[in-house]
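Values in this document were obtained by computation on a predicted structure and should not be read as measured data. Positions are given from 1, in the same order as the sequence printed here. Just so you know, ligand 1 is whichever comes first in the structure, and atom 1 is the first atom listed for that ligand.
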Amino acid sequence: MTKNTTKPLLEVLKGNANSSLPVWMMRQAGRYLPEYRATRAQAGSFLDLCYSPELATEVTLQPIRRFGFDAAILFSDILVVPDAMGQAVRFEEGIGPRLDPIEDGQAIRQLDESNVVGRLAPVIEAVARIRDALPGETTLLGFCGAPWTVASYMIAGRGTAEQAPARVFSYREPAGMEMLVDKLVRASIDYLVAQLKAGADAVQIFDTWGGMLTDSQFERFVVEPTRRIVDGVRAQVTDAVIIGFPRGGGSRMPDYFHRTGVNAVGIDWMADRDFVREQVQTIGPVQGNLDPLCLVVGGDALDREIDLVLDAFSGGPFVFNLGHGIVPETPIEHVEQMVARVRAFR
Ligand code: CP3
């Protein structure tokens, strides 16, 4: 079914509209919503939820129904890719992801690249179902984790504060690290292409841990692999719209933006706003920047932070969003307050 309504978010990402101010939130489907917690309980485990097209569709739509965001983001996780390569992932309640850590090149060679998209068929089916159910003006975003960030969980077997295990591995086994990144580049291209063909309007590449790297590693493990993913996806889907989000990118953002060829970049809450406005937003659209923790507090503190973000970026192509995912402690009323304030500004 084709719906011809204009999608404000997609137009901003394509560089066609500076005047509209679309809004959505990273991790907008999640534990701060009672309806998410209910569906999550019905699904059983977190991965069961990710691999149920019906329930994944339901939780993707929940924040759209409640807040009318301009984007729906596919409900899944960046770690379904290692899971599909045979490195089983489990999510432990209240703790986070756990994988059997990769310790050497041998474990990397054993990762199975042969049928990643086939094993992720339930996720791709969810994309098609969400597409059919969404209002015509809502942009559907797919996503994947960037190779460095996904690799960092595969090597450590869990989340760590500074990704020390993966950084150590990259010095100790540089060839192994390159091999792992290459495998993830290929899998990510196939996976994103499948999402776009199933109906995603655009895709976001999450590089949550990009900011942990040295200058030369950032080039090698963030910029270069992301550029290859962008080129690889566009070789199959010519006009693919891609957002890159290297958290902690700081002064490397202009170079990342130019060299990867993404259409837009995500900005974390730590970013220097003048720098971003003058040296990043002049390259193309930016998204993000509100500190997720001011959403926990609400009230005047939230209003003030929203206004600082709007003052900094509303003069150029901008997508209102958080600087990282919403946290489970966030009261729903504060999200309502944020959406109302951004919509009133427009
Ligand atoms: O944004 C959305 O609403 C779409 C869904 C989405 C999830 N994870 C759902 C999720 C997206 C885009 C992600 C990406 C993701 N997953 C990233 C990159 C972005 C980021 O937030 O840094 C990373 C690093 C992961 C890996 C991951 N998944 C971790 C470290 C955790 C545990 C931390 C936590 O918040 O519990 C998850 C679990 C996860 N992924 C949850 C959700 C809603 C919570 C699990 C639950 O419901 O029990």
Side-chain angles (χ1 to χ4, degrees), residues 23-52 55-64 66-67 69 71-83 87 89-99 123 126-127 130 138-161 163 166 184 188 191-192 195 200 202-212 243-249 266 268-269 287-288 292 319 321-330 335:
V23 53
W24 68 282
M25 297 190 306
M26 289 188 273
R27 290 272 177 104
Q28 63 190 16
R31 285 164 293 183
Y32 74 106
L33 289 176
E35 59 270 36
Y36 172 84
R37 295 194 297 269
T39 311
R40 169 86 166 70
Q42 191 189 337
S45 77
F46 175 72
L47 271 185
D48 288 337
L49 177 53
C50 292
Y51 292 144
S52 159
L55 298 181
T57 299
E58 167 56 24
V59 293
T60 302
L61 297 173
Q62 286 168 351
I64 309 305
R66 202 185 254 275
F67 306 111
F69 287 126
I73 182 159
L74 164 69
F75 187 84
S76 184
D77 198 85
I78 63 168
L79 299 179
V80 299
V81 169
D83 197 52
Q87 190 188 10
V89 177
R90 45 201 192 278
F91 283 83
E92 288 176 8
E93 215 59 52
I95 300 176
R98 286 289 182 274
L99 308 83
V123 179
V127 173
I130 299 161
T138 313
T139 299
L140 174 53
L141 298 175
F143 71 91
C144 71
W148 159 250
T149 287
V150 176
S152 72
Y153 287 93
M154 295 173 80
I155 291 164
R158 63 199 161 90
T160 59
Q163 304 313 96
L184 289 168
S188 304
Y191 184 42
L192 293 180
Q195 293 180 34
V203 291
Q204 177 157 328
I205 302 174
F206 286 89
D207 220 340
T208 305
W209 297 106
M212 291 292 139
I243 307 165
F245 177 45
R247 191 172 66 120
D268 58 55
W269 74 90
Q287 160 179 288
V319 177
N321 202 319
L322 313 184
H324 195 203
I326 185 171
V327 300
E329 298 74 27
T330 309
V335 178

Q. Should you measure from each heavy atom of Q28, which atoms of ligand 1 turn up under 4.0 Å away?
A. 1 (O), 2 (C), 3 (O)
Q. Should T208 be counted as touching ligand 1, given the test is an N or O pair under 3.5 Å?
A. yes
Q. Rounded to the nearest 0.5 Å, how far apart are CD1 of I326 and CZ of R27?
A. 11.0 Å
**Q.** Closest protein heavy atom (residue, atom, distance) for atom 41 (C) of ligand 1
**A.** F46 CE1, 3.6 Å
Q: Go through ligand 1 atom by atom and flag the ones less than 4.0 Å from a non-hydrogen atom of F75.
A: 9 (C), 43 (C)
Q.
Could you tell me if the side chain of Q204 sits less than 4.5 Å from the side chain of F245, heavy atoms only?
A. yes
Q.
How far is atom 47 (O) of ligand 1 from the closest protein heavy atom, and which atom is that?
A. Y36 OH, 2.4 Å
Q. Can you tell me the protein heavy atom closest to atom 23 (C) of ligand 1 and the distance?
A. I78 CD1, 3.4 Å
Q.
Below 4.0 Å from ligand 1: does a non-hydrogen atom of G145 turn up there or not?
A. no
**Q.** Value rounded to 0.5 Å, distance of OH in Y51 from CG in D77
**A.** 9.0 Å
Q | Pair Q28-Q62, side-chain donor/acceptor within less than 3.5 Å | A | no
Q: Check for a donor-acceptor pair, side chain of Q87 on one end and backbone N or O of M154 on the other, with a separation under 3.5 Å.
A: yes
Q) So which heavy atom in the protein is nearest atom 26 (C) of ligand 1, and how far is it from that ligand atom? A) D77 OD2, 3.5 Å
Q. In the protein, which heavy atom is nearest to atom 35 (O) of ligand 1, and how far is it?
A. R31 NH2, 2.6 Å
Q. Is Y153 in polar range of ligand 1, meaning some N or O pair under 3.5 Å apart?
A. no
Q: Could you find the nearest protein heavy atom to atom 1 (O) of ligand 1 and give me its residue, atom name and distance?
A: R27 N, 2.6 Å
Q) Any side-chain heavy atom of L141 sitting closer than 4.5 Å to one from I243? A) yes
(Q) Could you tell me, atom by atom, which parts of ligand 1 come under 4.0 Å of a heavy atom of H324? (A) 20 (C), 21 (O), 22 (O)
Q. Side chains of P63 and F75: does their closest heavy-atom pair fall under 4.5 Å?
A. no
Q. Can a salt bridge be assigned to the pair R40 and E93 using a cut-off of 4.0 Å between side-chain N and carboxylate O?
A. yes
Q) When you measure from atom 7 (C) of ligand 1 to every protein heavy atom, which one gives the shortest distance, and what is it? A) S76 O, 3.2 Å
Q) Is it the case that W148 and Q163 place a side-chain donor and acceptor less than 3.5 Å from each other? A) no
Q. Are any of the N/O atoms in I73 less than 3.5 Å from those in ligand 1?
A. no
Q: Answer side chain, backbone, both or neither: which part of L49 comes under 4.0 Å from ligand 1, heavy atoms only.
A: neither
**Q.** Numbered atoms and elements of ligand 1 in range of L74, under 4.0 angstrom, heavy atoms
**A.** 4 (C), 5 (C)
Q: Say whether A29 and ligand 1 are in contact under the criterion: heavy-atom distance to a ligand atom below 4.0 Å.
A: yes
Q) Got the closest protein heavy atom to atom 32 (C) of ligand 1, with its distance? A) P97 CD, 3.7 Å
Q. Taking heavy atoms and a distance under 4.0 Å, where does R40 meet ligand 1: side chain, backbone, both or neither?
A. side chain
Q: For A72 and T60, work out which heavy atoms get closest and say how close.
A: CB-CG2, 4.0 Å
Q.
A side-chain contact here means heavy atoms from C-beta on lying under 4.5 Å apart; do Q195 and L74 qualify?
A. yes
Q.
For a 4.5 angstrom cut-off between non-hydrogen side-chain atoms, does F143 reach M26?
A. no
Q: Please could you name the atoms of ligand 1 that F91 approaches to less than 4.0 Å, counting only its heavy atoms?
A: 28 (N), 37 (C), 38 (C)
